[in-house]
Amino acid sequence: MAVLVDRSVSRTLFSMALPMLAGTFAWNAYALTDAYFVSRLGTLPLAAMGFIFPVIMLLTFIAGGLGVGVTTLVSHAIGRHDHEDSARLVTHGMALAVTVSVALTVTGYLTVEPLFARMGADERTLPLIHKYMSIWYLGCLTMALPMLGNGILISCGDSKTAGRFMMLGALLNAALNPLFIFGALGLPAMGIAGSALATVLSQAVATTWLIYLLVWKHRLLSLRGRPFAGLGASARRILRFAVPSVLTMMLMPISAGVITWIISRFGAEAVAAAGAAGRIEMFAFVIPMALGMSLTPFVSQNFGADRLDRIREARKTSVRFALLYGAGTAVVFFLAAPLMASFFSDDPKVTSILVSYVRIISFGYGMMEVHRYSGFFLTGMHKPASTAVLNAIRVIAFLIPLSFLGAHFLGVRGVFVGRLVTDLAVGALGIAWVSRVLRTEEHEQVESVEAGEII
């Protein structure tokens, strides 16, 4: 069953990553689809979505953190050829996700109006937000389980199915959104609530398929016997990875908010340019992130099998890919920056800043991916706290201070220079950190073998 420890490293990694391209597009497609169709309803519904998105992002981080914990531990168990522990972790991980989802549903439903009012929603947008979230909260469970299941399927070497079930949900969401929002085929027009219902139903279908796969194909989910014996111990193991992962993910919107505040000092044009450039960046990272999604299960499974040589080779392969892909992207983005800017604005100031953003920051994309991959390697080698510290260093020690300094000395373009220096520095730090952990693990492995021989 330890399918990630046998074939050549590069072939295994890229054969896992290729199907996940569809998956990375699918996760982005949910938010883009909802925003696109809701925007057809007018400015107020779109503004309501603007308030909704950060809350959904936060809840997604919680589900993603649980997914990291389950995926890492299941991969390690598979590497040890311990199917019993794998099945126990999957069953207990799903039970933990159900418990957390129910708690989020109840809490969220009871706090819709006070929470969003505190965020700045007024009497015009609050009713729209309530319509959307009162349905979306019911789908917390169907949002959380696919995020767990995706990593589990990758751990089993079934990344093709993982990509397919993610795409199924995204395609259903795209098909159901216009039907429910505007009404068709005898269905009433539900407005913004229809978008929430489309998301919940599409994720429910994907979740049903996932449960079938885990129960019947991979035999990793079972309620026979005493399925919840030892649930507390499993929950503690999962949360050891989940909590640092959630904290790491939360650094992203926090740092984005601080950087946006810094850029806002240079006017609305600068904010508009940076926001548009951020959307362009999303597409730059889709391909390398497909490989990144495969790294933690690959590393953890090989870590469980004591194949540190394969982990070292995977590190070299992934770093080489990130740097080559990043260099190619930087060249393309540098040349195409004016054309990209023209799609978003015809304001000369906006386009000028957007072009500067793309041309400066893109040269750090490769090292930014190296930094991100380093976190996946550390998590896979059961160093979740190190991953959290590495990401905190990026934001607290480099990104925010260098952005302030860049803005002070070089203006808005100095913020972009600060980001570039950050990505180059933390990419190098990530390489050094993973290398040190690998050397330590290899030394301990040698000592363990020698001790066994003596005995």
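This is a predicted model, so every value here is computed, not measured. Here, residue 1 is the first one in the sequence, and each next residue gets the next number.
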**Asked** Can you tell which of R310, R307, E313 makes a side chain to side chain donor-acceptor pair (under 3.5 Å) with N302?
**Response** R310
**Prompt:** Heavy-atom distance under 4.5 Å between the side chains of F180 and S195, does that happen here?
**Reply:** no
**Message:** To check you understand the geometry: which heavy-atom pair defines the closest contact between A97 and L66, and what is its length?
**Reply:** CA-CD1, 4.1 Å
**Request:** Determine whether W433 and S374 make a side-chain contact, defined as any pair of heavy atoms from C-beta on separated by less than 4.5 Å.
**Result:** no
**Asked** Do the side chain of T296 and the main chain of G380 share a donor and acceptor less than 3.5 angstrom apart?
**Response** no
**Request:** Evaluate the side-chain proximity of V434 to M381: yes if any heavy-atom separation is below 4.5 Å, no if none is.
**Result:** yes
**Request:** Report yes if the side chains of V415 and F404 come closer than 4.5 Å at any heavy-atom pair, otherwise no.
**Result:** no
**Message:** For the CH2 atom of W136 and the OG1 atom of T199, what is their distance to the nearest 0.5 Å?
**Reply:** 9.0 Å
**Message:** Just by distance, no angles: are the side chains of T317 and S10 close enough, under 3.5 Å, to form a donor-acceptor pair?
**Reply:** no
**Complete:** In this structure, CG of N177 is separated from OG of S202 (nearest 0.5 Å) by 8.0 Å
**Salt bridge R312-D309, side-chain N to carboxylate O under 4.0 Å** = no
**Prompt:** Rounded to the nearest 0.5 Å, how far apart are CD1 of I181 and CG of L176?
**Reply:** 10.0 Å
**Fill in**
Taken to the nearest 0.5 Å, the spacing of T71 OG1 from L153 CG works out to 9.0 Å
**Prompt:** Is any side-chain heavy atom of V74 closer than 4.5 Å to a side-chain heavy atom of Q301?
**Reply:** no
**Item:** Residue pair L295, F377: steps toward the side-chain contact (heavy atoms from CB on, under 4.5 Å) verdict
**Value:** CA-CA 7 Å; L295 286 177; F377 274 91; 3.9 Å; yes
**Item:** Value rounded to 0.5 Å, distance of OG1 in T422 from CG in L429
**Value:** 11.5 Å
**Message:** Contact between M289 and R372 at the side-chain level, heavy atoms closer than 4.5 Å - yes or no?
**Reply:** yes
**Asked** What do the steps show when you test R419 against L399 for side-chain contact (heavy atoms from CB on, under 4.5 Å), and what is the final call?
**Response** CA-CA 6 Å; R419 160 76 183 277; L399 182 59; 4.2 Å; yes
**Message:** Nearest 0.5 angstrom please: Q203 CD to T208 OG1, how far?
**Reply:** 11.5 Å
**Asked** Closest approach of F241 and L73, non-hydrogen atoms and distance?
**Response** CE1-CD2, 3.6 Å
**Asked** Relative to each other, are the rings of H76 and H382 parallel, tilted or perpendicular (30° and 60° limits)?
**Response** tilted
**Request:** Identify the two heavy atoms, one from V200 and one from I135, that lie closest to each other, and give their separation to 0.1 Å.
**Result:** CG2-O, 3.7 Å
**Message:** Run I400 and V395 through side-chain contact (heavy atoms from CB on, under 4.5 Å) and show every step you take.
**Reply:** CA-CA 6 Å; I400 293 177; V395 173; 3.9 Å; yes
**Message:** Checking the side chain of Y373 only, and the main-chain atoms of P288 only, is there a donor and an acceptor separated by less than 3.5 Å?
**Reply:** yes
**Asked** Would you call E84 and R88 a side-chain contact if the rule is heavy atoms closer than 4.5 Å?
**Response** yes
**Prompt:** Between T107 and L104, is there a donor-acceptor pair closer than 3.5 Å when you use the side chain of the first and the backbone of the second?
**Reply:** no
**Item:** Test item: T72 side-chain N/O and G69 main-chain N/O as donor-acceptor pair under 3.5 Å
**Value:** no
**Prompt:** Mind checking whether F363 and F333 have ring centres under 6.0 Å apart?
**Reply:** no
**Closest heavy-atom pair and its distance - M367, A428** = CE-N, 3.2 Å
**Prompt:** Mind checking whether F285 and Y365 have parallel, tilted or perpendicular rings, split at 30° and 60°?
**Reply:** perpendicular
**Request:** Taking the side chain as every heavy atom from C-beta outward, state whether F298 and F376 have any pair of such atoms under 4.5 Å apart.
**Result:** no
**Asked** Nearest heavy-atom pair of I262 and S403: which atoms, and what distance?
**Response** CD1-CB, 3.9 Å
**Prompt:** Is it true that atom OH of Y325 has more than 12 heavy atoms of other residues, nucleotides or ligands lying nearer than 6.0 Å?
**Reply:** yes
**Request:** Please name the pair of heavy atoms, one in V299 and one in I311, separated by the smallest distance, quoted to 0.1 Å.
**Result:** O-CD1, 3.7 Å
**Message:** One pair to check against side-chain contact (heavy atoms from CB on, under 4.5 Å): T379 and S245. What are the steps and the verdict?
**Reply:** CA-CA 9 Å; T379 300; S245 179; over 6 Å; no
**Prompt:** How about K383: does its NZ atom have over 12 heavy atoms from other parts shown lying under 6.0 Å from it?
**Reply:** yes
